[in-house]
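Data block below; observations after.
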Amino acid sequence: MPAMIWAVLPAAGRGQRFGGDTPKQYLHAAGKPLIEHALSALLRHPRVAGAMVALSADDTSWPGWTQLHGKPVLRCVGGGERADSVLAALRALPAELDGDTLVLVHDAARPNLRGEDIERLILAAEAGDQGAILGAPLRDTLKRAGEGRILATEPRGGLWRAFTPQAFRRAALTAALADAAAAGVVVTDEASAMERAGFRPRLVEGREDNLKVTTPADLALAQFLLQSDRE
Ligand SMILES: Nc1ccn([C@@H]2O[C@H](COP(=O)(O)OP(=O)(O)OP(=O)(O)O)[C@@H](O)[C@H]2O)c(=O)n1
Ligand SMILES: C[C@](O)(CO)[C@H](O)COP(=O)(O)O
């Protein structure tokens, strides 16, 4: 029987770039909150056994799910930075899960995650010991901006955009995030902490429509993508 996998969803953000009173992960697209789309995509995968969701301490929008698709949905209090929330969730996972448990960390603000991307990510992570992340190569020319003008054109060869989920073994990721936090280093994704710890995670090219909802324009696009998928 293949080892079970757990999901970790950082969902304690305030959505400052989005604006408004309701944190964006609770805004609806195609009839459901963004967080439900994200959770559902992960928990529909047969290898994913459950999810731990990191919430803001004063979160009043959480629908209170204790399970979804028949699998446990646990919750903990997140932290000031995304990395703090992920670390809190890793530490709150059930004690019986051993350190080798593969964990998929996925932004609650990325609702359009597809099963085929999850499957390819798991295969890549389990094919080695360095972990793996979803992403996509940069396809646009990169400009460095200054005061609304082009300062320079930056080389884009070999550059990728990092998405989530990012897949790592529980113990290694917990240690890497804890070490970064202790050193006062704020990492913006799990791979950064693992790279800092000497790992070389694999890059798995995923769908470009696995967008992170950051601004209202992103929500409109997510609505279109999620609605189209249902039609
Ligand atoms: N302290 C934090 C900050 C972010 N997140 C989560 O990390 C994901 C990606 O973060 P981002 O898109 O930056 O969300 P916010 O931090 O809410 O956005 P902003 O930076 O605009 O406030 C989101 O699901 C968000 O809820 C978190 O769990 N804990
Ligand atoms: C984790 C992430 O989604 C990978 O691209 C990204 O780093 C999150 O950044 P944010 O500023 O916390 O949204």
Side-chain angles (χ1 to χ4, degrees), residues 7-29 32-42 51-63 65 73-93 103-113 117-118 121 131-138 142 159-168 173 176-177 180-181 185-196 201-219 221-222:
V8 160
L9 274 88
R14 310 316 298 153
Q16 290 172 329
R17 287 170 287 179
F18 192 96
D21 299 329
T22 305
K24 61 188 181 180
Q25 56 269 33
Y26 298 110
L27 298 178
H28 282 226
K32 290 194 288 190
L34 301 183
I35 189 171
E36 184 174 350
H37 287 289
L39 260 177
S40 187
L42 288 157
M52 174 64 72
V53 183
L55 302 174
S56 171
D58 58 357
D59 192 316
T60 56
S61 304
W62 170 249
W65 300 301
V73 177
L74 310 178
R75 52 186 284 192
C76 70
V77 175
E81 298 290 341
R82 180 185 175 283
D84 301 322
S85 297
V86 174
L87 184 54
L90 289 166
R91 287 171 167 163
L93 284 170
V103 175
L104 306 185
V105 184
H106 184 59
D107 295 328
R110 289 183 189 263
N112 198 38
L113 175 62
D117 273 4
I118 297 172
L121 178 68
I133 73 167
L134 287 178
L138 271 181
L142 274 183
L159 294 183
W160 279 50
R161 296 156 59 213
F163 302 153
T164 67
Q166 301 197 3
F168 297 102
L173 180 57
L177 286 169
V185 174
V186 176
V187 292
T188 58
D189 72 344
E190 289 62 61
S192 304
M194 296 299 283
E195 295 158 48
R196 186 174 175 277
R202 291 183 64 178
L203 280 162
V204 177
E205 185 164 356
R207 293 172 60 110
E208 292 265 4
D209 59 9
N210 175 12
L211 81 160
K212 182 166 66 73
V213 173
T214 305
T215 66
D218 299 325
L219 180 63
L221 179 53

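When a residue number appears, it is its place in the shown sequence, counting from 1. In each ligand, atom 1 is the first atom listed, and ligand 1 is the first ligand listed. Keep in mind that the numbers below use all heavy atoms, side chains included, and drop hydrogens, waters and symmetry copies. The structure presented is a predicted model; accordingly, all values stated were derived computationally and were not measured.
- Backbone and side-chain nitrogen or oxygen atoms of A54 are examined, and none is located within less than 3.5 angstrom of a nitrogen or oxygen of ligand 1.
- With contacts defined as side-chain heavy-atom distances shorter than 4.5 Å, the pair Y26/D59 qualifies.
- With distances taken over non-hydrogen atoms, the option nearest atom 12 (O) of ligand 1 out of E81, R82, K24 is K24.
- Residue contacts with ligand 1: S85 is placed with a nitrogen or oxygen under 3.5 Å of a nitrogen or oxygen of the ligand (distance criterion only).
- With a 4.5 Å cut-off on side-chain heavy atoms, S56 and P23 do not count as touching.
- Here the protein heavy atom with the shortest distance to atom 10 (P) of ligand 2 is R17 NH2, 3.7 Å.
- Of the protein's heavy atoms, P10 O, 2.8 Å lies nearest to atom 24 (O) of ligand 1.
- Side-chain contact between V103 and L93 is present, with at least one heavy-atom pair separated by less than 4.5 Å.
- With hydrogens left out, the protein atom closest to atom 12 (O) of ligand 2 is R82 CD, 3.8 Å, a heavy atom.
- Nearest to atom 13 (O) of ligand 1 among the protein's heavy atoms is R17 NH2, 2.7 Å.
- A heavy-atom separation below 4.0 Å is not found between E190 and ligand 2.
- Within the structure, the closest approach of G78 to ligand 1 does not fall below 4.0 Å when heavy atoms are considered.
- No donor-acceptor pair closer than 3.5 Å links the side chain of D117 to the backbone N or O of G206.
- Considering CG of L203 and CZ of F163, their distance stands at 10.5 Å, rounded to 0.5 Å.
- Between D189, T188, T164, it is T188 that holds the heavy atom closest to atom 6 (C) of ligand 2.
- Nearest protein heavy-atom contact of atom 1 (N) of ligand 1 is G79 O, 2.8 Å.
- Considering both main-chain and side-chain atoms, K212 comes within under 3.5 Å of ligand 2 through a nitrogen or oxygen pair.
- Among all protein heavy atoms, the one lying closest to atom 15 (P) of ligand 1 is G15 N, 3.8 Å.
- With ligand atoms numbered from 1 in the order given, ligand 1 contributes 24 (O) to contacts under 4.0 Å with heavy atoms of A109.
- Checking N210, V187, D107 against atom 3 (O) of ligand 2, the nearest heavy atom belongs to D107.
- Among protein heavy atoms, the minimum distance from atom 28 (O) of ligand 1 is reached at A12 N, 2.8 Å.
- Here CE of M52 is found 4.5 Å from CG of L74. Values are rounded to the nearest 0.5 Å.
- Residue-level proximity to ligand 1 for A11 is carried by the backbone, the only part with a heavy atom below 4.0 angstrom.
- For atom 4 (C) of ligand 2, the choice among G13, S85, A162 with the nearest heavy atom turns out to be A162.
- Closest to atom 22 (O) of ligand 1 among all protein heavy atoms lies Q16 N, 2.7 Å.
- Atom-to-atom distance recorded for H106:NE2 and I35:CD1 is 10.0 Å, nearest 0.5 angstrom.
- Among all protein heavy atoms, the one lying closest to atom 8 (C) of ligand 1 is D107 OD1, 3.5 Å.
- At least one N or O atom of A108, backbone or side chain, sits closer than 3.5 Å to an N or O atom of ligand 1.
- Residues Q25 and D107 are not in side-chain contact: their nearest non-hydrogen atoms beyond the backbone lie 4.5 Å or more apart.
- For atom 5 (N) of ligand 1, the nearest non-hydrogen atom from the set G80, G13, A89 comes from G13.
- At a 4.0 Å cut-off, not a single heavy atom of H106 sits close enough to ligand 2 to count as contact.
- At least one N or O atom of R110 sits closer than 3.5 Å to an N or O atom of ligand 2.
- E205 has its side chain within reach of W160: a pair of non-hydrogen atoms, C-beta onward, lies under 4.5 Å apart.
- Residues V105 and F168 are not in side-chain contact: their nearest non-hydrogen atoms beyond the backbone lie 4.5 Å or more apart.
- Of the inter-residue distances, the one linking L39 atom CG with L34 atom CG reads 11.5 Å to the nearest 0.5 angstrom.
- A 4.5 Å side-chain heavy-atom check between D189 and T164 finds every atom pair outside the cut-off.
- For the atom pair CG of L90 and CD of E190, the computed distance is 8.0 Å after rounding to the nearest 0.5 Å.
- E208 contributes atom CD, which lies 5.0 Å from atom CZ of R161 (distance to the nearest 0.5 angstrom).
- Annotation for ligand 1: atoms under 4.0 Å from non-hydrogen atoms of K212 are 12 (O).
- Using a 4.5 Å cut-off on side-chain heavy atoms (C-beta onward), M194 and L173 make contact.
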